[in-house]
Amino acid sequence: MAIELDDLLPRNQKPKPRDLSALSVGELEEYIAAMEAEIARVRETIRAKRDVRGAAEAFFKR
């Protein structure tokens, strides 16, 4: 059985920051828009999880 190099790397590594120096202003603005959309998506997921948790807590407090 062969060992894959990816199996040796830690699984919770943070991604390296993207090199922004080669991007134009327009590309940087698109990148910001994409990042803001991702932040909004994450915030919505957090809100939904909190709503579910709140509903579960309310149900079991009866």
Side-chain angles (χ1 to χ4, degrees):
M1 178 177 185
I3 296 176
E4 296 291 327
L5 290 178
D6 290 343
D7 293 338
L8 301 175
L9 296 173
R11 294 195 186 265
N12 293 334
Q13 276 187 326
K14 291 184 180 181
K16 293 181 182 177
R18 186 174 176 181
D19 180 16
L20 304 176
S21 63
L23 299 178
S24 69
V25 171
E27 290 171 323
L28 289 169
E29 289 171 342
E30 288 176 11
Y31 182 59
I32 288 171
M35 297 291 286
E36 288 173 341
E38 182 66 4
I39 289 168
R41 187 176 77 91
V42 171
R43 286 189 172 141
E44 177 60 27
T45 302
I46 289 169
R47 187 200 58 75
K49 288 180 179 244
R50 285 183 176 155
D51 289 349
V52 168
R53 183 177 179 169
E57 288 174 354
F59 177 78
F60 288 107
K61 284 185 180 180
R62 292 182 180 183

Please identify each residue that fulfils side chain to side chain donor-acceptor pair (under 3.5 Å) with Ser24, with sequence neighbours left out. Glu27
Among all residues two or more places apart in sequence or in another chain, which pass the side chain to side chain donor-acceptor pair (under 3.5 Å) test with Arg50?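 Arg50: no side chain to side chain donor-acceptor pair (under 3.5 Å) contacts found.
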Arg53 side chain near Lys49 side chain, heavy-atom distance below 4.5 Å: no
Solution key, residues 30-39 side-chain donor-acceptor pairs under 3.5 Å, sequence neighbours excluded:
unit_1, atom_1, unit_2, atom_2, d
Glu38, OE1, Arg41, NE, 3.0
Glu38, OE1, Arg41, NH2, 3.4
Glu38, OE2, Arg41, NH2, 2.8

